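Working notes for the structure below.
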Number of protein chains: 2
Amino acid sequence: MKCDRPLKTIEWIGGVDGCVRMIDQTRLPGELVHVEIRDVEAMCEAIKTMRVRGAPAIGIAAAMGAVIGVQTARDSDAAAFRERFADVCDYLAASRPTAVNLFWALDRLRRVVDSLPGADVPALRRALLDEAKGIRDEDAAMCRAIGQAGAALITTGAGVLTHCNAGGLATAEYGTALAVCYAAHDAGREFRVYAGETRPLLQGSRLTAWELDQGGIDVTVICDSMAGVLMKQGKVDLVITGADRIAANGDVANKIGTYSVAVLARAHRIPFYVAAPSSTFDLSTPDGSCIPIEERAPDEIRRGFGPLTAPVDAKCYCPAFDVTPADLIRGIITENGIITPVCADAIAAMLIDDSA
Amino acid sequence: MKCDRPLKTIEWIGGVDGCVRMIDQTRLPGELVHVEIRDVEAMCEAIKTMRVRGAPAIGIAAAMGAVIGVQTARDSDAAAFRERFADVCDYLAASRPTAVNLFWALDRLRRVVDSLPGADVPALRRALLDEAKGIRDEDAAMCRAIGQAGAALITTGAGVLTHCNAGGLATAEYGTALAVCYAAHDAGREFRVYAGETRPLLQGSRLTAWELDQGGIDVTVICDSMAGVLMKQGKVDLVITGADRIAANGDVANKIGTYSVAVLARAHRIPFYVAAPSSTFDLSTPDGSCIPIEERAPDEIRRGFGPLTAPVDAKCYCPAFDVTPADLIRGIITENGIITPVCADAIAAMLIDDSA
């Protein structure tokens, strides 16, 4: 079976008393299963266990999770509602530390509540739902714009290496790095994508290979350790990855392994691009050294997929992300165009233009 | 439970009618299981499915497999014995293509048979068994000598990165890259080893982490994609890997991912060493481009951990080895000392000294 494109990664179903419907990404590629999320605890669990993952999708999930979290507040008491809302936001903010979109989305919701000081509970709930749905719809539009901005980078015959999943499954619909691939494909170009499998959780083989195949794009899975030899063989013409957070100077936090790929690309004179919406930039973070890096449980390495593949008490080092310094990045593909060279001034100029 | 060091990876049990006893490495780290091999088909299966793996251990396994393969030859007919022996060698030679030790060991046995033109079958069988056991004993001695040659490279407090398993499990006893670690440990130095897990078959997490822990050495498992960030953090002072074949110019074929690690080491100004006995050098191979690279089945990527972790029909690229060019290698640690700089003249000089 092939899915219709775009994927419906995460959607709101119904009105203010509705729920969230999302693809359970832990079940892919074996099964395409949708789950319905009806309370904030379930949303936190879904974010922590990566039923939903990818910085933009986590932002949407957090926003919709906050809307769900206040459904049980009593309609008559606006003050209690605001208190409940603040607690729900704090609770969701603690789910994962690195992706800035999560905090950004919750901040947008907080500003909505702050901007309606006299509103009653039903009005606040409607306003929050509108904002959450707006974040989703803007994300979908941004991803299409990112695709258009980057599509010309992929020419017919090209080999594109990507790492992790910066696809439709990481966003509302089209993705960031993969939006560029979809846009080039829609423009009639034929090319090949190599998907690094992305240990430990294999988002590349489980998710990227699955969604590109669904989308009719030629994709080959490699182990992460094969990126170097693939480049040496001349099979990779450019690298495009997503980002979880981009500092003011252009340093990019992304899935662990991205830094290695960027160094390898530089050594082989292959351009390395990052694709991300402006919501992934965090100007309050001056550079990559200030980005908190989540460490995951050792068992993600020791028992990545069920059976024990290391001694049961083996020490493991399991950072979920790494930081690629700006000077290894040829350009950052945003919904407003490509930032190149990657530096603080160019980033600030692009983001100011955007907010103007 | 801890095993005694050295590990008895592969041994001959009994006399000419005896059998091979080896650790079934596919069962590690969950269980320490020994298997007894009593026919040549079982030995071929054990090599192909990597119950025994690692270039030196494969050489020993092939030699002992040839001894087993001629046990059924009729004692009265020396000509039929020689024919049977030739067939057995051809059969074993087809088991895996990259590790030169396999062909080298079989050639040694062929020369024994050729050197005894008038011998009867019992004499030939005894001579072959002596040669096979000699290959094992020489390997054990070579590994100890490699350890001594390289031990001074590891100082107290150092971080050592290795990839795959070039340990006791890859040889008769002590290993090559890990022999250097064992020798430094025996010299009283305290240091930390990082073991790249080595997708797709995870020899690093399954075997290296297990045997270093058995040997009392501090070991931490990482995903292969984490090597770059570990280097950037200053945690790696040197890299030591094994080799499956070394060409005349010093290009090294080793486990897939070694090339990426070598490029990353160069980018971070970290010395990259290879440890291997002289039997791993193949002067008839002028450079790395002439080394045949085995491709493994896509399911080693798609179902590497048992469950399906990629779409069932996903294309995969699965080379088992890659080639690291000599100019990325600081030195090759052999039983005769360290070859540095790595070049054809220095290699030829070392090997000629050795055979003199």
Side-chain angles (χ1 to χ4, degrees), chain A residues 28-30 163 194-200 202 204-206 209-210 213 218-232 235 255-264 266-268 298 300-319 322-323, chain B residues 28-30 163 194-200 202 204-206 209-210 213 218-232 235 255-264 266-268 298 300-302 304-319 322-323 325:
Chain A
L28 289 173
H163 187 67
Y194 293 97
E197 63 173 5
T198 318
R199 278 284 284 156
L202 300 172
S205 53
R206 290 195 300 111
W210 179 81
D213 182 56
D218 183 354
V219 58
T220 299
V221 181
I222 60 166
C223 296
D224 302 322
S225 65
M226 296 169 189
V229 77
L230 210 65
M231 292 178 183
K232 191 181 175 203
K235 290 180 179 162
K255 178 60 49 186
I256 184 70
T258 303
Y259 172 69
S260 285
V261 173
V263 173
L264 290 166
R266 168 61 55 88
H268 293 85
E300 289 191 359
I301 294 180
R302 289 188 298 224
R303 307 178 179 272
F305 287 81
L308 187 68
T309 56
V312 65
D313 53 358
K315 284 198 292 189
C316 296
Y317 175 57
C318 193
D322 58 28
V323 172
Chain B
L28 289 172
H163 186 66
Y194 293 97
E197 64 174 3
T198 318
R199 278 282 286 152
L202 301 170
S205 52
R206 290 194 300 111
W210 180 81
D213 183 56
D218 182 355
V219 57
T220 299
V221 181
I222 62 165
C223 296
D224 303 321
S225 64
M226 296 167 188
V229 77
L230 210 65
M231 291 179 184
K232 191 181 175 204
K235 290 179 178 162
K255 178 62 47 187
I256 184 71
T258 303
Y259 171 70
S260 286
V261 173
V263 172
L264 290 166
R266 168 63 53 89
H268 293 85
E300 290 192 357
I301 295 181
R302 289 187 300 222
F305 305 84
L308 188 69
T309 56
V312 67
D313 52 358
K315 283 197 292 188
C316 296
Y317 174 57
C318 193
D322 59 28
V323 172

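Every chain is numbered from 1 and lettered A, B, ... according to where its sequence line falls, protein lines coming before strand lines. The shown structure was predicted, so the numbers you read here are calculated from the model rather than taken from an experiment.
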Counting only non-hydrogen atoms closer than 4.5 Å, does [X] touch chain B with its backbone (N, CA, C, O), its side chain (CB onward), both, or neither?
X        : answer
A:Ala314 : side chain
A:Pro29  : side chain
A:Pro298 : neither
A:Tyr259 : side chain
A:Val229 : both

Review point. If only atom types and distance count, is the side chain of B:Ser260 paired as donor or acceptor with the main-chain N or O of A:Gly228 below 3.5 Å?
Key: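 Yes, because the side chain of B:Ser260 sits within donor-acceptor range (under 3.5 Å) of the backbone of A:Gly228.
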Check your understanding: Okay, side chain of B:Thr309, backbone of A:Arg206: is any donor-acceptor separation there less than 3.5 Å?
Key -> no
Top contributor to chain B interface from [options] [non-hydrogen pairs under 4.5 Å]:
options                                : value
A:Gly204, A:Ala262, A:Pro319, A:Ala267 : A:Pro319
A:Val221, A:Leu308, A:Thr258, A:Asp313 : A:Val221
A:Gly306, A:Gly30, A:Pro200            : A:Pro200
A:Val263, A:Ile301, A:Val323, A:Leu28  : A:Ile301
A:Arg302, A:His163, A:Arg266, A:His268 : A:His268

Check your understanding: Could you give the distance from CD (B:Glu197) to CZ (A:Arg199), rounded to the nearest 0.5 Å?
Key ->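 One finds 4.0 Å between CD of B:Glu197 and CZ of A:Arg199.
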Check your understanding: Going from OH on B:Tyr194 to NZ on A:Lys315, what distance comes out if it is rounded to the nearest 0.5 angstrom?
Key ->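 Answer for the OH-NZ pair, B:Tyr194 versus A:Lys315, is 8.0 Å.
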**Study point:** Partner set under side chain to side chain donor-acceptor pair (under 3.5 Å) for A:Lys232, not counting sequence neighbours
**Key:**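 Here no residue qualifies.
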Review point. With sequence neighbours left out, what residues match B:Ser225 under side chain to side chain contact (heavy atoms under 4.5 Å, CB included)?
Key: A:Asp224, A:Ile256, B:Cys223
